[in-house]
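First up is the structure itself, then whatever we jot down about it.
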Amino acid sequence: MKTLDIINFLETVAPSSLQESYDNAGLIYGAPETECTGVLVCLDVTEAVIDEAIRMKFNLVIAHHPLVFKGLKKLNPDRGISQVLVKAIKNDISVYAIHTNLDNVITGVNNKIADKLGLADRKILVGKEGLLKKLVCYVPVAHLDPLQQALFTAGAGQIGQYSECSFAVKGEGTFKAGDGADPFVGAVGKRHMEEEMRLEVMFSSWQQKKVLAAMREAHPYEEIAFDIINLENLHNEVGSGLTGVLQEPLTPDTFFGLVKERFSAPVIRFSPLTGKKIQKIAVCGGAGSFLISNAIAAGVDLFLTADLKYHDFFEADGRIVLADMGHFESEQFTQDLLFDLLKQKFPNFAVLKTGVATNPVNYFL
Ligand SMILES: [Zn+2]
């Protein structure tokens, strides 16, 4: 199996086009065509992780956090990030990151946190605009079914929990085939009128290539009349943060105890309590302060995240409880998520979670 096969699979899990503009997710070092000897999954790529990959004779490291995040102007083989990178390069170890794109899908980082807390009724906290498109395609009546089927198979027609969503209406299409054309119906040089269906179907922007290829494959015409329309609708399954509901309302003490236990979090920092029990919550793995106002607007009792600064806690303002469980603690199970996905897809391939504890933060209690 090639490195590319694994990357292509991860692209179906969380397309790299869904990463934030400041991010650097994707293949950071390596040749996609390389034969892959094994995958080591981690949250952070440290030198110890690369050493582990060398020991295991694995040549692909998949991390949540990109090893190279900001621009690197010089490579110093003895220090910091470049030391890790140089070691990976010298040992032909590819390094891939699946970062904010995995944060942004409903099945990603935050879903794993929600699993650990047993949250029901999960929804994206802030959906993303500009990711939905509509395909309008005109097809002879008898070819509607196979075209619809092909588009659905390519992933179009998904709205929330509903699949195979489309709309079709009958009408009359006209065309006149010119010299050199080979019309499916009608004759060259004569205007033809055909009973056609106007088929409308929605798809996610990253599926466009696949959806159009499916359309071309299933459509009988050599020239297909179709429109691609950008929609302003929010994507329900892509965006930042996630809201959900605990099985039962808990006192803050009980909730914090639950978080400490499930996430092995030594410390939870939190803003003044509101006097309410905790049931509806928002979660965001890693640095989530950019979502405080959205969490308040969503009407949740508590927002569980990490990397909150002193002044962030003031923003709670009696309307919500803000809680910080630590960056590593919040995202540690992303390793399990990636491991499980890879193992499910490639059951007989060598995939391991790192045995290295990469959390750079220590606690003196
Ligand atoms: Zn993170």
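None of these values were measured; they are calculated from a predicted model. As a basis for the values below, the full set of heavy atoms in this structure was taken, side chains included, without hydrogen atoms, waters or symmetry mates. Counting starts at 1 for both ligands and their atoms, in listed order.
For Glu331, the N, O or S atom closest to the Zn ion (ligand 1) goes by the atom name OE1.
A donor-acceptor pair under 3.5 Å is formed between the side chain of Asp324 and the backbone N or O of Leu308.
The Zn ion (ligand 1) has an N, O or S atom of His65 closer than 2.8 Å. At a cut-off of 2.8 Å, His327 coordinates the Zn ion (ligand 1) through an N, O or S atom. Using a cut-off of 2.8 Å, one finds that Asp103 contributes no N/O/S atom close to the Zn ion (ligand 1).
The side-chain heavy atoms of Phe263 and Phe333, taken from C-beta on, include a pair separated by under 4.5 Å.
Between His64 and His99, the ring planes are perpendicular. Angles over 60° get that label, and only those under 30° would be called parallel. Ring pair Phe175/His192 is tilted by interplanar angle, where 30° to 60° counts as tilted.
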